[in-house]
Every structure is written in C-alpha cells, then in structure tokens.
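These notes concern the structure reproduced below.
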Amino acid sequence: MATTSSLLLSTLFLHSPPPPSSSRFSNGSFFNPSPRSLSLYPVRSKRCLRILSKLPLDDTDNDDSPLLPRLSAAAVKPFLLLCTSVALSFSLFAASPAVESAAAFVVTTPRKLQTDELATVRLFQENTPSVVYITNLAVRQDAFTLDVLEVPQGSGSGFVWDKQGHIVTNYHVIRGASDLRVTLADQSTYDAKVVGFDQDKDVAVLRIDAPKDKLRPIPVGVSADLLVGQKVFAIGNPFGLDHTLTTGVISGLRREISSAATGRPIQDVIQTDAAINPGNSGGPLLDSSGTLIGINTAIYSPSGASSGVGFSIPVDTVGGIVDQLVRFGKVTRPILGIKFAPDQSVEQLGVSGVLVLDAPPTGPAGKAGLQSTKRDGYGRLILGDIITSVNGTKVTNGSDLYRILDQCKVGDEVTVEVLRGDHKEKISVTLEPKPDET
C-alpha cells in the first residue's frame with residue numbers, strides 16, 4: 001500500500017510559477033509547461049494517473065505519447081492539488097500502521113542539560129521538601145470595633161531538623177510573635193510552638209505536630225572544612241515567593257556579625273554572594289552535595305535587598321545550640337553579670353578596654369568586687385572598672401569580651417584584670433549561667 005501511494009505521488013507535480021523550459025525531476029518525470037495548458041510525461045505508473053483523471057486507457061505505453069489531453073491549467077491544478085493532499089495523507093498513515101495518533105508526527109527534541117545543571121536541579125528537588133515557610137502572626141485590636149485579630153507581621157524560612165517535627169530558623173523571624181504557622185512543601189499548614197531560642201546567636205527551634213511521612217529532615221554537614229570559592233545554594237522564601245533557589249560561592253570565612261537582638265557577636269560566620277533577600281532568613285545554605293552548612297541570617301545592604309554580601313551562621317555553631325534547645329529548652333551560656341558602655345564612649349575617654357557601667361551585687365562580677373560607674377555627691381562622674389584582659393587575653397572592646405566568654409563554661413573561674421583609677425588589679429570571678437529568658 002505504501003509503495004502504491006509513493007508511485008501516485010511520483011506522478012503528481014505542481015509547480016508555480018512554471019519554469020521557463022522543461023524540467024527533469026529526480027524520479028525521471030518531465031514537466032512541460034505551456035502558457036494555457038499542462039502536459040505530464042511520466043515514466044512510471046501511467047495507469048494510476050489515468051484512473052485518477054478518469055480518462056480512457058491508452059494501450060500505448062510510449063513515453064513520447066501524451067498521457068493527458070491538453071486541458072486548461074485552471075481546471076487541472078485544483079484537481080491535482082486535491083489528489084496530492086489525499087495521496088500524501090494516505091501514504092503517511094499506510095506507511096506506519098502502528099501509529100495511532102497525530103502525536104506521532106510531533107517531533108520533540110529532549111531538553112539537554114549540562115552535568116552541573118542536572119546536579120543543581122537534583123539538589124533542589126531533593127532538598128525542597130525539607131524547607132518550610134514560617135508566618136509570624138501578631139495580635140492587633142481594631143480601633144473601631146475593638147475586635148482582636150491576628151495579622152501577619154513578618155515571614156521567613158526554616159527547615160526540618162528531625163522526624164519529631166522540630167523546625168530550625170532564626171530568632172528574629174519569630175521575634176514578637178503571638179502565634180506561628182509553618183507551611184510545608186505540600187502547602188499543608190500547621191500551628192507551631194516555640195521550643196526554645198538563643199537570642200545571642202539568632203537561632204530558634206519550633207515544633208509542629210505533622211505526620212512523620214510529611215517530614216523530611218535536611219542532611220546535616222560540617223562547616224569546619226569549608227573553602228572560599230566553593231559553590232553554595234540557598235533555598236528560601238524571599239518576599240513570600242516560596243521555595244526559591246539562588247546560587248553562589250563562599251566569598252569569605254570567619255566573618256563576625258552582631259546579633260540583631262542582643263548585639264552579641266556571632267563568630268565564624270560564612271559570607272556568600274548567593275542572593276539572600278528578606279524572607280530568606282532562617283533558610284538553609286547547602287553545599288554542592290546537598291548537605292546543610294549554615295543558616296542564612298543577614299545581609300549587608302543599604303537598600304535592604306540583596307547586594308551580593310550575605311551571611312550564614314555555620315552549622316557547627318547551630319548544631320550545638322539546637323541540641324541544647326531540644327533537650328533543655330534553653331542554652332546555658334556563662335556571663336560576667338555586668339553592663340558595659342558602648343565602645344565609642346570608651347574610645348572618647350582615650351582608654352582601651354570595657355568600661356563597667358553596672359555590676360549588680362547579686363551577679364558574678366558584683367560578688368567578686370568589680371566596681372560600677374557612679375556619680376559623687378556633686379554630680380561628677382566617677383568611672384568604674386575598665387576590663388583590660390581576661391585570663392591573660394587582651395580585651396579592647398565588647399566583642400573581645402564576648403569572644404572569650406564563649407570559650408568558657410558555667411562554673412569556670414576566670415582572672416579579670418581591670419584598670420581602677422590609675423592602677424591595675426586582678427580579680428577572680430566565677431562565671432554563672434545566664435538567667436532564663438521568656
């Protein structure tokens with residue numbers, strides 16, 4: 001059947017406009033145009049053409065004899081066009097009996113991705129179910145009706161830590177919330193409870209009651225062996241656009257930023273040029289293998305949008321904090337129990353160190369005898385002790401003091417060197433735990 005159709009096609013030709021002289025086609029036929037007539041001289045299958053044109057058969061099979069009478073071109077061309085269309089359609093279907101739909105004629109070129117693109121796509125698909133969307137709700141009272149309403153006052157990102165429903169995010173994402181809601185990758189929403197938080201390191205842990213089959217904990221890596229220049233990937237919900245992927249590299253290591261809540265420094269922070277925007281806070285920073293290496297927490301930008309300088313808390317710091325929050329609901333961190341002056345004020349005095357403004361008598365420093373700043377009977381300011389070193393390590397500002405205390409434990413006895421008046425003294429202080437926060 002396919003052969004017959006092909007022969008039919010080989011005898012039918014349309015040519016507009018006609019060539020100036022006779023032309024030979026690849027199948028051996030000649031086309032001989034004339035101003036008002038059309039002549040076909042086929043080499044093969046003249047019988048098929050006679051049938052189609054409903055002309056009487058000619059016993060002669062001579063190539064020199066005309067097959068069709070000389071007819072008007074206006075009458076022949078529509079008929080030949082119709083026959084060509086029918087024969088073409090019939091030959092396409094008859095040539096492949098297995099084709100059952102028109103989709104067989106659509107040729108789709110498979111999308112070709114590079115190896116690194118495939119790896120990025122796979123990383124996103126595998127880790128997206130671990131990333132959640134957190135909505136911070138606050139109670140507001142309507143000024144006219146006095147009705148109490150819950151309105152969203154912020155949003156951020158987070159990720160699933162374990163199958164028990166613990167969600168890790170930044171503290172500033174949940175700060176001031178009356179209620180919290182967590183939306184998983186399948187758009188299911190759950191009310192969340194605060195398990196604990198660490199204001200100093202900007203880390204918080206929530207918990208949701210979700211089926212375990214919906215919880216996919218994120219794989220946790222290490223941040224101690226990171227290198228500048230290696231690829232990183234950030235997944236979050238910038239500006240409320242859920243599950244957005246941005247890529248970049250590690251731009252720097254061992255940076256230091258201050259906690260938005262307490263001003264306490266956070267050390268060993270990862271700097272990246274991966275786009276981090278409002279809403280990305282609390283989301284994971286992943287390496288090329290898809291393991292967690294940090295929590296996206298801050299950006300450096302005058303406009304508030306990504307400027308290519310983002311910061312992530314390293315996972316080695318986060319892991320210890322989360323473990324304490326899950327087990328005890330709080331982080332036990334040692335303190336001296338003092339309030340000190342801003343660094344700029346001390347610099348104006350022309351001294352180097354930490355000026356003690358207040359040392360409550362019930363705190364570790366007050367018990368050890370550190371003196372606070374006060375005024376005499378005439379209103380003159382009497383400076384308190386200025387801490388210049390702790391355990392032999394020089395202290396020039398508040399960040400240095402915090403950095404030293406982060407390496408100590410509750411109950412440790414430290415030697416604090418202070419400048420009191422015009423002389424220096426060394427005082428032993430026993431560190432105590434930080435009071436509980438609500």
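Between the side chains of S259 and D200, not a single donor N or O lies within less than 3.5 Å of an accepting N or O. A side-chain N or O of D316 and one of S223 form a donor-acceptor pair less than 3.5 Å apart. When only modelled atom types and interatomic distance are considered, N296 and S312 share a side-chain donor-acceptor pair under 3.5 Å. Counting only N and O atoms by type, the side chains of T388 and E417 include a donor and acceptor under 3.5 Å apart.
Panel note: side chain N237, backbone H243; a donor-acceptor pair is recorded below 3.5 Å.
Listed by chain and residue number, I404 satisfy the side-chain contact (heavy atoms from CB on, under 4.5 Å) test with T393 (two or more places apart in sequence, or in another chain). Y402 meets the ring pair (Phe, Tyr, Trp, His ring centres under 6.0 Å) test with F340; sequence neighbours excluded.
With contacts defined as side-chain heavy-atom distances shorter than 4.5 Å, the pair I313/D202 qualifies. Side-chain atoms of H166 and V326, non-hydrogen and from C-beta on, do get closer than 4.5 Å to each other.
Judged as a salt bridge (charged side-chain N to carboxylate O under 4.0 Å, His left out), the pairs with a partner in residues 245-260 (not counting sequence neighbours) are, in order, E256-R403.
For the residue pair P364 and G337, the shortest heavy atom distance occurs at CD-CA, 3.9 Å. Of all heavy-atom pairs spanning Q267 and D406, the tightest one is OE1-OD2, 3.2 Å. Nearest heavy-atom pair, H172 versus T297, reported as atom, atom and distance to 0.1 Å: CE1-O, 3.3 Å.
Atom CD1 of I321 and atom CZ of R333 lie 5.5 Å apart (nearest 0.5 Å).
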